[in-house]
2 protein chains.
Amino acid sequence: MSNEIENLCAKKGVRLTDQRKLIAKVMAESEDHPDVDELHKRVTKIDNKISIATVYRTVKLFEEAGIVSKHDFKGNKSRYEQAPEEHHDHLIDINTGEIIEFVNEDIEKLQNEVAEKLGYKLVDHRLELYGSKIKK
Amino acid sequence: MSNEIENLCAKKGVRLTDQRKLIAKVMAESEDHPDVDELHKRVTKIDNKISIATVYRTVKLFEEAGIVSKHDFKGNKSRYEQAPEEHHDHLIDINTGEIIEFVNEDIEKLQNEVAEKLGYKLVDHRLELYGSKIKK
DNA sequence: ATAATTGCAAATGCTTTGCTTGTGA
DNA sequence: TCACAAGCAAAGCATTTGCAATTAT
């Protein structure tokens, strides 16, 4: 009955309230990258007393605990996804808003090389591709 | 007496007011990536009647005309730079906030390949590296 | 002349926060 | 029990906008 996010909360000593459990559940079941409003809509279907402030507080809490990842794509409000096992980047369909995840080791390696060459240790990065579907 | 940005405005049919000339001048002379507040501070030193609303309107106008580029780095307000001749990406020093520009053709090429492989035409992208200086 | 631009202040949209009541460990 | 969390409404912050006065062409 418990999900990955709940397990991580327990492990990290994050107190599990009904609201947090519900938000965790909804996030764990989301295949997309919902924003706070969308999350609030989804949890409200199950418990209509949860306030949007709680959703804001909870995603922030989860993010700080490394349980979820936050993304600020161009021109949108912040969107969230369960923190992935392995890093990936995103391609955003500029027509539909659809988000496709991808991994490219070569780019990752080159990023490290670039940073190093400039005298920096790479701590974090952001790579987003914006494109339109090629019709066949 | 006129700068690159003023020339571009003329070419694009953007009406040149005193305020816009001044903002163009300040942007053209900026080596860094100032935000709107900082731009407002800089123009105010020369003309203290310019309102922040005008700065907002002007950077937006310039951006839509392709004259300046807007960047939303992590955790900061929007920052602007004169639109570069040739594309570059940014490395942000997470300790000082300093921004270093770089170009890497290999990464650019790989981005196109990734998009293509996913069935997309790459229209735009965002690549930001966040790092800390390696002390020697 | 007159359509576009400015300055000001008010409005917006997303997010955070203070405070009182409620609750998980 | 009691420190912490939730709900609500108010505040915050960056940015946008309505409107009357001003200005570039």
- Query: Is there a donor-acceptor pair under 3.5 Å between the side chain of Arg126(A) and the backbone N or O of Arg126(B)?
  - Reply: no

- Of all heavy-atom pairs between His87(B) and Val103(B), which one has the smallest distance, and what is that distance? O-CG2, 3.6 Å

- Any side-chain heavy-atom pair from Asp89(A) and His125(A) closer than 4.5 angstrom? yes

- Message: Testing the basics here: between Lys70(A) and Ser78(A), what is the closest heavy-atom pair and its distance to 0.1 Å?
- Response: CE-OG, 3.2 Å

- Residue among Arg42(B), Arg79(B), Lys77(B) satisfying salt bridge (Lys or Arg N to Asp or Glu O under 4.0 Å) with Asp37(B): Lys77(B)

- When you match Lys77(B) and Thr54(A) each to their closest nucleotide on DNA chain D, which lands nearer the 5' end? Thr54(A)

- Contact check, side chains of Asp124(A) and Lys74(B), non-hydrogen atoms, under 4.5 Å: yes

- Query: Taking all atoms of both residues into account, what is the closest heavy-atom pair of Gln82(B) and Met27(B), and its distance?
  - Reply: N-CE, 4.1 Å

- Could you tell me the separation between the CD1 atom of Ile23(A) and the C1' atom of dG7(D), rounded to a whole number of Å? 13 Å

- Task: Mind listing the closest non-hydrogen atom pair of Ile23(A) and Val55(A) along with its distance?
- Result: CD1-CA, 4.0 Å

- Query: Where do Lys121(A) and Ile134(B) come nearest, in terms of heavy atoms and distance?
  - Reply: N-CG1, 3.7 Å

- Message: Just by distance, no angles: are the side chains of Asn76(A) and His71(A) close enough, under 3.5 Å, to form a donor-acceptor pair?
- Response: no

- Query: Taking CD1 from Ile52(A) and C1' from dA10(D), how many angstroms apart are they, rounded to a whole number?
  - Reply: 16 Å

- Message: Testing the basics here: between His90(A) and Phe73(A), what is the closest heavy-atom pair and its distance to 0.1 Å?
- Response: CG-CZ, 3.8 Å

- Query: In residues 57-70 of chain A, which residues come under 4.0 Å of DNA chain C by heavy atom?
  - Reply: Arg57(A), Lys60(A)

- Task: Only pairs at least two apart or in different chains count here, so list each salt bridge (Lys or Arg N to Asp or Glu O under 4.0 Å) that has a residue in residues 105-114 of chain A.
- Result: none

- Note: chain A reaches DNA chain C at heavy-atom distances under 4.0 Å over the stretch, first to last nt, 5' to 3', of dC14(C) to dA25(C)

- Has Tyr56(B) got a side-chain N or O lying under 4.0 Å from the OP1 or OP2 atom of dT15(D)? yes

- Co-members of Leu110(A) in a cluster of I, L, V, M, F, W and Y side chains, linked at under 4.5 Å: Leu91(A), Ile100(A), Phe102(A), Ile107(A), Val114(A), Leu118(A), Tyr120(A), Leu122(A), Leu127(A), Leu129(A), Leu91(B), Ile100(B), Phe102(B), Ile107(B), Leu110(B), Val114(B), Leu118(B), Tyr120(B), Leu122(B), Leu127(B), Leu129(B)

- Message: Below 4.0 angstrom, which residues in residues 31-51 of chain A have at least one non-hydrogen atom near DNA chain D?
- Response: Lys49(A), Ile50(A), Ser51(A)

- Message: Just to be sure I understand the geometry, which residues of residues 11-21 of chain A put a non-hydrogen atom under 4.0 Å away from DNA chain D?
- Response: Arg15(A), Thr17(A), Gln19(A), Arg20(A)

